[in-house]
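Reviewing the structure listed below.
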Amino acid sequence: MLDPRFRGSDIKECMENLDQIFVQAKRTVMNLAESVLPQPLVLLVSMLISIGVIAAIGPVIMMYLTWLERKVVGRIQNRIGPNRVGKFGLLQPIADGIKMLTKEDIVPEGADHILHFLSPVLVVVPALLVLGLLPWGRNMAAVDLQVGLLLFFAITSTGTLSIFLGAWGSRNKFSLLGALRAVAQLISYEIPQVFSAVVVIMHTQTISIVEIVNAQPGFNWFVFTPWGFTGLVLFYIASVAECNRTPFDLPEAESEIVAGFHTEYSGMKFALFYMAEFLQVFSLSALAAALFLGGWQGPFLPSWIWFFLKTYGLIFIMLWFRGTFPRLRVDQLMGFAWKFLLPMSMINIVVVGIWTYASPIVAWVLGILIIAISFGVLAKLNTRYHIERNRKFILAE
Amino acid sequence: MTNTIETQTRPSLSTQQLEVSIGPQHPSTHGVFRMNVVLDGETIVKLKPVMGYLHRNHEQLAENMSWLGSMPYTDRLDYFCSMTNNIAYALAVEKLMGIDVPERAQYIRVIMAELTRLVNHTALVGFLLNDLGAFFTPVLYAFREREKILDLFESVAGSRMMCNYMRFGGVKLDLPDGFVDCAKAIVDNYPPFLEEMERLLTKNEILMARCQNVGILLKDLAVNASVTGPVLRASGVNYDIRKIDKYGIYDRFDFKVPLGTVGDVYDRYYVRILEMRESLKILRQAFKELSAGPVISQKGLIAAKSPRNMKVPAGDAYGRIEAPKGELGFYIVSEGGTKPYRYHVRAPSFINLTILEDMCLGHKVADAIIILGSIDIVLGEVDR
Amino acid sequence: MIAAFYLISVVLIVSAVLAVSLRNLIYCTLCASVVFISSAALFFLLKADFIGVVQILIYVGAVATLLLFAVMLTKNLVSRQYYVGQKRKWSYGIFTASAVLWVLIGSIRSQTNLAELVTADHQLSVVSLGKEMLTAFLLPFEVASLLLTAAMIGGIVIALEEKKKSS
Amino acid sequence: MWGTGVLKGMAVTIKNFFDTYTSKNGIFTVEYPEKRLPEKERFRNFPILVYDEKPEELRCVACDICAKECPPKCITIVKAKDAQGKPLKQPEVFDIDFTVCMNCGICEETCPFDAIYMDHEFELAEYDRMDALIYKKERLSRPWTHFEKIRPTDAKEINERRAKDATKTAAAVKPAPPQASNQQT
C-alpha cells in the first residue's frame with residue numbers, strides 16, 4: 001500500500017526518514033503504551049524498550065565480531081576463514097554459541113566456587129552497561145547523562161576488579177600471573193586513556209558524549225585538528241591495551257601463561273569472558289569514533305549507519321593489529337604507558353590549551369610543531385638503550 | 001596456597017617466590033618438554049629443564065634390527081628435517097663399510113640437505129614469532145613456503161615428512177623428471193618470500209625490543225657447552241661442519257657462513273635468515289652442476305635389495321653432518337654381524353638445551369619462552 | 001524516590017556489616033566494593049551525579065583493587081587460623097559506632113537546615129563545581145595535590161630502593 | 001623514525017589481506033573434500049598385494065622375505081597347503097597390522113616377486129582399532145590394473161622388467177621340456 005505522495009519526494013527527505021526510523025518506531029510504541037497504560041508504567045515501558053534493544057544488540061554484536069575477527073585474520077594469513085557453517089560462515093557464531101553452551105563447565109577442585117561463578121558475571125555487566133551511554137545515532141542515545149563520558153570510564157574501571165577476582169578464585173598459578181599482569185596493565189593504561197579524552201572535554205566544555213558529538217557537525221570532526229589526531233591515536237592505543245588485545249594481550253598471553261586469567265574457565269563462563277572482551281572492543285571503538293570522528297555525524301547517509309561504519313573501521317584496525325604484531329613484555333608495556341603515552345597526552349592537553357586561545361594559523365603551526373618535536377624527543381628517549389636499529393653480521397668464510 | 005620456597009630474608013619487602021612448572025602440557029614448549037621455574041614476581045630465579053617424556057628407545061631398537069631397518073626410524077628423530085637425519089646415518093655406515101657414493105647421488109644429497117635447511121629455518125622463524133605472540137601470521141606465511149618444498153619431497157621420496165629416501169651408497173630412487181625445474185622455480189621465488197618476511201619482522205620495533213639483548217650466549221660458554229649450529233654461530237664462533245669436514249661434495253660449492261656478534265635471540269633469528277640465503281646459493285649451483293649417472297653404487301644396490309643379510313665389517317665409526325639444528329652425529333659400533341652392536345645419535349638440540357638455564361636467569365617468563373624457541377629444539381631428537 | 005533511598009541504605013548497611021564480619025577476606029573486599037557502589041547510588045539519588053561517578057571511579061576502580069591487592073599479596077592472610085583465638089566483642093563495636101553517629105548528626109544538624117537542602121532541586125552542574133573548586137576552594141585543592149605528589153614520590157622511592165637492592 | 005618498522009609490517013599484512021581477493025594465488029587453502037590436490041605418483045601409503053587375473057592367484061608366493069625385512073614387524077604370513085599337505089606357492093593368511101605399519105616402503109623394495117606395493121589410498125578411518133585395522137588378505141589384494149592407474153611410470157618399468165625376465169626364463173625352460181614331456185605318462 002505504497003502512499004502515492006511518497007513517490008514525489010526526493011532522496012534527501014527519504015534519507016531523513018530512514019535516519020529517524022528507530023526514533024519514530026519507539027514513539028509509535030510509546031503512543032500506543034500511553035493510550036493503554038497508567039503514567040508510571042509508561043516511563044517503565046520506554047526504559048524497557050531501550051534496555052531491551054541494547055541487551056539484544058550487545059550479544060549479537062559480540063557474536064558477529066568473533067566471526068569478523070576470524071574472517072579478517074584468516075584473510076590476512078592467506079586463508080579463507082570459516083565458510084562451512086552457513087553461506088560465508090555466517091552461522092559460525094551460532095554454532096560457537098551452542099558449542100559453548102553444551103561444553104562441560106569445570107570448576108577446579110581447589111577453586112573458590114563463589115568467586116569462580118561470580119567473576120564472569122561481574123566482567124560482563126560493565127561491558128553491557130556501557131553500551132547504554134553510547135550515541136548510536138541522532139537522538140538515539142539510550143541514556144543522555146550530563147556526566148556521560150566520566151561514567152563510561154568509571155564503569156570500565158570496575159572491570160579490573162572482576163578480572164582479578166576471577167583469576168584469584170581459580171587457584172591456578174598461570175591465572176595468578178595473568179591477574180597480576182591484568183591489573184597492572186589496566187590501571188596504568190586507564191590514565192593515558194582518560195588524559196587523551198580530557199583533550200576533547202577541554203575543547204567542547206562538556207562531559208556528555210551526546211554534546212561532544214553534536215559539537216562536530218557535518219565533516220569538521222575533531223580528528224582533522226593536530227591535537228584531535230594525536231588524541232585519537234593515543235586514545236586508540238590505550239583502548240587496545242584496555243581490552244587486552246594484541247600487542248598488549250599479556251593478561252591472556254597464550255604462549256607464556258597458557259590462557260592467563262581465564263585458564264580455568266570453560267563452557268559458558270569462558271564465553272562470558274570472551275563476550276566482555278569483544279563488547280569492550282566495540283564500546284571503546286565506538287567511544288573513540290564518538291569523541292574524535294564525530295560519532296554519527298556524516299553528510300549523506302543516515303546517522304546510525306555512519307556510527308556503525310566508523311566503529312567497524314576502528315575495529316578493523318584492532319583486528320589488523322591482531323594479525324600483525326608480536327606481544328610486548330610486561331616491563332616494556334609499563335614503560336610504554338608511563339614513559340610515552342602519558343607525557344604525550346599531557347603535551348596534547350597543552351596543545352589544546354594553545355588551540356583555544358591562539359588564532360587558527362598560529363594554533364595550527366604551533367600545535368603541529370609541539371607534537372612533532374615531543375614525539376621525536378620521547379621516541380629518542382624511549383629507544384636510547386635497547387633498540388639497535390641495524391646490527392652488523394659477518395659473512396665469514 | 002602455593003608450595004612456595006622460603007626466600008632468603010631480605011630486609012625491605014620479603015616477597016614470596018612462586019614455583020611454576022611450565023609443564024609438558026604447555027602451548028609453547030615445542031613438544032613435551034617441561035621447565036620447572038622458580039619466579040620472583042616475573043623474573044626467573046631458578047630454571048630446571050625436565051626432558052624424557054618422548055623417549056621411544058630409538059637406540060635400543062636399532063640394536064636388534066638390520067642396518068637398513070633403522071633408516072625409517074631416523075626420520076622420526078628430528079621430524080622437521082628427515083632427509084638430513086637419513087644422510088647422517090647413511091654417511092656413518094658408508095664410512096664403516098667403505099662404500100663410495102656416485103656423483104649424481106652426492107648432488108641429490110646436497111640438494112635435499114639444503115632444501116631441508118630451508119624448511120627447518122622457515123618453520124623456526126614462524127614458531128619463534130608464535131612464541132613472541134604474533135597470532136599465527138608468520139607461521140602461516142612460513143608454512144605456505146614449506147608446503148611447496150614438502151611437495152617436492154613427496155614427489156621424490158614418497159612421503160612429505162618421513163622420507164626414508166637415502167640408502168647406503170646413494171639414494172633409493174632417481175629424481176622424477178619434472179623435479180629439477182619445479183625445484184628451480186621454488187628456489188627462484190624464495191627470495192621474494194624472504195624479503196616479505198624481513199619487511200614484516202626484522203625492523204619491527206616490538207620484535208627488536210623483545211629479542212635484543214635477551215638470552216645472551218657468550219662465546220666461551222657456548223664452546224665449553226659444545227653447543228653447535230646456528231645458536232653457536234649467532235654468538236660469533238665460526239664452526240660449520242660443511243666447511244670443516246668438507247663431507248660429501250661441499251668443497252665444490254662456494255657459500256659463506258653467517259656469524260652474529262652479540263649472541264642474543266635477535267642474532268639467532270637473523271643468522272638463520274642469512275643461512276637460508278646461503279642455502280639458496282648452494283642450491284642454484286647444485287642445480288647447474290647436476291649430472292646424469294647412476295644413483296646408487298653397485299654394492300649399495302645389493303645391500304638395499306636384501307638388508308637383512310648385509311654385513312658391516314667390525315669396527316666403529318662416527319659420521320656427522322651440519323644438520324639445520326647443529327652437528328648431528330651417528331656413532332655406530334659393529335661386530336661384523338647384520339645388526340649394529342651399539343648405535344648412538346648425537347642430537348644437536350639435546351646438547352643445545354643444556355645451557356637453557358644460563359641464558360634464562362634474570363629474565364622474565366616471557367623471555368624464557370622465546371629463548372627456548374630461539375634454540376630450536378625438537379623433542380623427537382632430544383629424547384630419542 | 002523515598003523507597004529507592006531506603007532500599008539503597010538497607011543494602012549499604014547490610015554489606016557494611018558483612019564487610020566487617022565475614023571470615024574470608026576476599027568476600028570482605030567484595031562487600032566493601034558493594035558499599036562503595038551503593039554510596040555512589042545515594043549520590044545519584046541526590047542528583048549530585050558528578051560526585052557519584054567520581055565515587056565509583058575512585059573507590060570501586062582503585063581503592064577496592066588496592067584492598068584486594070593488599071589481601072592477596074600478604075602471605076597466607078586468607079587462611080582460617082587468624083580467627084581462632086580472638087573473642088569477638090560486639091559490645092565494643094556497637095558502642096563506638098553509636099558514639100561516632102551521635103557526633104556526626106550533631107555537627108550536621110547544627111550547621112545547615114536539613115529539610116531545605118534535600119528538597120532544593122538545583123542541578124549541580126559540573127561547570128559550577130569546577131569554577132567553585134578553583135576559586136573558593138583553591139587552597140584545599142592545592143594541599144590535596146601536594147599530598148598526592150608526596151604519596152606518589154613515596155611509592156617510587158620504595159620501588160627504587162627495591163630495584164637497587166635486587167639488581 | 002620510531003614507528004616505521006611497525007607500519008611496514010602492517011603494510012605487508014594488509015597487502016596479503018587484499019591479495020586474497022585480487023590475485024589468483026592469494027588464497028592458499030584447498031577446500032579438501034570438494035577440491036583435492038593432485039596426487040604425487042610416488043606417494044606411498046599402506047601396502048597392497050597385487051594379482052594379475054584372479055584375486056585367488058596373488059603374485060605373492062609367501063616367501064616371508066617382507067615379513068623378515070619389515071622394521072616394525074607388522075606382516076604375518078602363513079603358507080597355504082593343498083589337500084595332501086604339500087605347501088603351495090600362495091599365502092593362506094597374509095595380514096598387515098595397519099596400526100603398526102609406518103608405510104616406509106621397505107617391503108616394496110625387498111620383494112623379489114613384485115607382489116607388494118604401496119597404495120595411494122589414505123582415507124582409511126575405522127571405528128574399531130582391533131580387527132578393523134588389521135587388514136586381511138582379501139582387503140589387501142588389488143588388481144594390477146589398479147596399480148597401473150595410480151603409478152603409470154613405475155608400472156611401465158616393472159612391466160618391461162617382467163617381460164624381459166619372462167623371455168629369459170622362457171628361453172631357459174625351452175631345452176628342458178622335451179625330457180620332461182616323456183616322463184609325464
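Below, read A as the first sequence line, B as the second, and so on, with proteins coming before strands; counting in each chain starts at 1.
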Check: [X] side chain, [Y] main-chain N or O, donor-acceptor pair, under 3.5 Å:
| X | Y | value |
| --- | --- | --- |
| D/R44 | B/A157 | yes |
| B/N164 | D/C104 | yes |
| B/E154 | D/F43 | no |

How long is the span from the OG1 atom in D/T29 to the CZ atom in B/R144, to the nearest 0.5 Å?
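Between atom OG1 of D/T29 and atom CZ of B/R144 there are 12.0 Å.
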Nearest 0.5 Å, please: how far is CD in D/E109 from CZ in B/R167?
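Result: 4.0 Å between the selected atoms.
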So what's closer than 4.5 Å to chain B heavy atoms on [X]: side chain, backbone, both or neither?
| X | answer |
| --- | --- |
| D/P112 | neither |
| D/T153 | neither |
| D/K68 | side chain |

Is the shortest heavy-atom distance from the side chain of [X] to the side chain of [Y] under 4.5 Å?
| X | Y | answer |
| --- | --- | --- |
| D/N103 | B/M162 | no |
| B/D151 | D/K40 | yes |
| B/K203 | D/V6 | no |
| D/E69 | B/L68 | no |
| B/P176 | D/E41 | no |
| B/Y141 | D/N16 | yes |

Residue [X] versus chain D: region with a heavy atom under 4.5 Å:
| X | answer |
| --- | --- |
| B/R160 | neither |
| B/T137 | side chain |
| B/D75 | neither |

What are the two closest heavy atoms between [X] and [Y], and how far apart are they?
| X | Y | value |
| --- | --- | --- |
| B/M65 | D/P71 | SD-CB, 3.7 Å |
| B/L175 | D/R42 | C-NH2, 4.1 Å |
| B/K305 | D/T110 | O-CG2, 3.4 Å |
| B/R199 | D/V12 | NE-CG2, 3.5 Å |

What's the verdict on side chain to side chain contact (heavy atoms under 4.5 Å, CB included) for D/K8 and B/L200, showing C-alpha distance, side-chain angles and the deciding distance?
CA-CA 7 Å; D/K8 273 208 220 84; B/L200 177 67; over 6 Å; no
